Undergrad: 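Just dropping this structure here.
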Number of protein chains: 2
Amino acid sequence: MGVRQAQKQQSRRALMDAGLRLLEDQNLTSLGVREVTRAAGMSPAGFYRHFRDMADLGVALVEESLASLHLLVRSVLEGRGGAEELIDRTVEIIELHVREHPAHVRFLARERHGGARQVREAIAAELDRFAEEVGAALALQSVSAGWGEGELRMLAELYVGHVVSTAAAFLEAPAGDPEAARRVAATARMQLRLVSLGRRHWKDA
Amino acid sequence: MGVRQAQKQQSRRALMDAGLRLLEDQNLTSLGVREVTRAAGMSPAGFYRHFRDMADLGVALVEESLASLHLLVRSVLEGRGGAEELIDRTVEIIELHVREHPAHVRFLARERHGGARQVREAIAAELDRFAEEVGAALALQSVSAGWGEGELRMLAELYVGHVVSTAAAFLEAPAGDPEAARRVAATARMQLRLVSLGRRHWKDA
DNA sequence: AATCTCGGCAAACAGTTGTTTACTGAATGA
DNA sequence: TCATTCAGTAAACAACTGTTTGCCGAGATT
């Protein structure tokens, strides 16, 4: 890649980083072009060399935020071991991810039902893909013997929804309060265990 | 109540209605004082006779939105009947509520993780109260024999989270697509059934 | 009937906003 | 080496923002 392209990407990164930082205490709809460029050390007009819109910046942030999440999902699903260990590792990885990328997680939680249609749809589409991926992984587990496609899908959606809730809960726990985080983790584990129990007895009825 | 107070309340309602309408396609942080007063047919300065802030308006909307939700929770929890009928009625009532108060539900979903701290905290506090209420109701059911307080609490939080997810899912279903709404309802029922199964076998282990 | 209260208004304040324009100068490629 | 490309700039545009001020006139109170 040429020097030119590298410099442009650097500016783009500066804009996205500045945007992500500003979005920690405001919504995308209220984020201004001048505000972002000012924080990124760039002139207002320069913004349009990279993004058509603010929503455009938002979509780019969605892609970036969910790329790291994809790795998370993969690493959980590929794991071997009993249900109990899988649950523990899931919750651990969620907590770790929220700690390492709080701004990304906050951004996703905030804009999932936010005011920018394009961003909402981008997040929804990606969460759908997650559900599909999780569903495919669930199908391979021996507990899912005899489960129909629809049943697997609803279970996958239950899991994805739970992951989102748990991530948001970790986010709301004060940074300097490890006890609160531990409570969130304990609750999430119990809930996953309860769902796991329901799974095992689903085909009894 | 005097004529004076009645007129003031009417203006207040006009502001809140206008705000709620505008918040269907934008966030509270991007909602302006002039914007609201213009939509409510009032002069900008008049706003400050009713609210200190925009966040103040937001908190008022939270109270209004959750008042109707409280009735919903009560009517579900007071119901008699088997687990299956209770699940059906729960999902029905959620759907009905979303259909009847879409703006309120959308507002709550949007500002639950939104940019205004006061509003976020108001919603979180109220959802906590819901969880407490649900937990108390769960304790009375025979299925919960032998359950500790922490276990009941985690189950209640699981239910509340599920209700919120389901309401958001109904909201995202296109208005003119009854099939999509039916799918959401079917999924929600199955998920509740699965949780119910897990509950019944919780004390086996 | 006279006084007081107070919800709503017009005007002014000093900023801010998104977007377009014509431009500069460094990286690129012949 | 010289022409071209193009990321970033400064300036200008009209329109918008939150909030305060003094004022009015209709309800409330005596």
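Proteins come first, then strands; the chains are lettered A, B, ... in the order of their sequence lines, and each starts at number 1. Treat the numbers as computed from the prediction; the structure is a model and nothing was measured.
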Undergrad: Can you tell me which residue pairs pass the salt bridge (charged side-chain N to carboxylate O under 4.0 Å, His left out) test with a partner in residues 19-46 of chain B, sequence neighbours excluded?
TA: B:Glu24-B:Arg106
Undergrad: Can you name the ring pair (Phe, Tyr, Trp, His ring centres under 6.0 Å) partners of A:Phe47, sequence neighbours left out?
TA: A:Phe51
Undergrad: I'd like to know if B:Glu179 pairs up with B:Arg182 as an ion pair, taking the criterion as any Lys NZ or Arg NE/NH1/NH2 lying under 4.0 Å from an Asp or Glu carboxylate oxygen.
TA: yes
Undergrad: With a 4.0 Å heavy-atom cut-off, tell me which residues in residues 40-56 of chain B come close to DNA chain C, sorted by residue number.
TA: B:Met42, B:Ser43, B:Ala45, B:Arg49, B:His50
Undergrad: According to the ring-ring contact (aromatic ring centres under 6.0 Å, His included) rule, which pairs have a member within residues 55-76 of chain A, sequence neighbours left out?
TA: A:His70-A:Phe130
Undergrad: Could you pull out the protein-nucleic contacts involving nucleotides 2-4 of chain D (nitrogen or oxygen on both sides, under 3.5 Å)?
TA:
none

Undergrad: Tell me the closest heavy-atom pair linking A:Ala167 and A:Val105, and the distance in Å.
TA: CB-CG1, 4.2 Å
Undergrad: Just the rounded figure in Å: distance from P of D:dA7 to CG of A:Leu15.
TA: 13 Å
Undergrad: Using a 4.5 Å cut-off on heavy atoms from C-beta on, say whether the side chain of B:Ser30 contacts that of A:Asn27.
TA: no
Undergrad: Could you give the CD-to-C1' distance, from A:Gln26 to D:dT17, as a whole number of Å?
TA: 15 Å
Undergrad: Can you name the residues that form a salt bridge (charged side-chain N to carboxylate O under 4.0 Å, His left out) with B:Glu78, not counting sequence neighbours?
TA: none
Undergrad: I'd like a table of donor-acceptor pairs (distance under 3.5 Å, sequence neighbours excluded) in which one partner is a side-chain atom from residues 84-100 of chain A, with atom names and distances.
TA:
| residue | atom | partner | partner atom | Å |
| --- | --- | --- | --- | --- |
| A:Glu84 | OE2 | A:Arg193 | NE | 3.0 |
| A:Glu85 | OE1 | A:Gly82 | N | 2.6 |
| A:Arg89 | NH1 | A:Ser75 | O | 3.2 |
| A:Thr90 | OG1 | A:Leu86 | O | 2.7 |
| A:Glu95 | OE2 | A:Arg99 | NH2 | 2.9 |
| A:His97 | NE2 | A:Ser68 | OG | 3.4 |

Undergrad: In whole angstrom, what separates B:Arg38's CZ from D:dA15's P?
TA: 13 Å
Undergrad: In Å, rounded to the nearest 0.5 Å, how long is the span from CD of B:Glu64 to CG of B:Asp17?
TA: 7.0 Å
Undergrad: At a cut-off of 3.5 Å, list every protein nitrogen or oxygen paired with a nitrogen or oxygen from nucleotides 24-30 of chain C, distance to 0.1 Å.
TA:
| residue | atom | partner | partner atom | Å |
| --- | --- | --- | --- | --- |
| C:dA27 | O3' | A:Arg4 | N | 3.3 |
| C:dA27 | N3 | A:Arg4 | NH1 | 3.2 |
| C:dT28 | OP1 | A:Val3 | N | 2.7 |
| C:dT28 | OP1 | A:Arg4 | N | 2.9 |

Undergrad: Using side-chain heavy atoms (C-beta onward) and a distance below 4.5 Å, is B:His113 in contact with A:His113?
TA: no
Undergrad: Whole angstrom is fine here: how far is it from CZ in A:Arg12 over to P in D:dA7?
TA: 12 Å
Undergrad: Are side-chain heavy atoms of B:Leu69 and B:Glu126 found at a separation under 4.5 Å?
TA: no
Undergrad: According to ring-ring contact (aromatic ring centres under 6.0 Å, His included), does anything in residues 147-185 of chain A pair up with another residue at least two apart or in another chain? List the pairs.
TA: A:Trp147-A:Trp202
Undergrad: Based on Watson-Crick and G-U pairs with both distances under 3.5 Å, what dot-bracket line describes DNA chain C 5' to 3', crossing pairs as [ ] and inter-strand pairs as |?
TA: ||||||||||||.||||.||||||||||||
Undergrad: So, B:Glu149 and B:Arg153, do they make that salt bridge, N to O below 4.0 Å?
TA: no
Undergrad: Looking at DNA chain C, which of residues 30-37 of chain A put a heavy atom within less than 4.0 Å of it?
TA: A:Gly32, A:Val33, A:Arg34
Undergrad: Could you list all the salt bridge (charged side-chain N to carboxylate O under 4.0 Å, His left out) pairs where at least one residue sits in residues 108-120 of chain B, not counting sequence neighbours?
TA: B:Arg117-B:Glu121
Undergrad: To the nearest 0.5 Å, tell me how far B:His104 NE2 sits from B:Leu20 CG.
TA: 5.0 Å
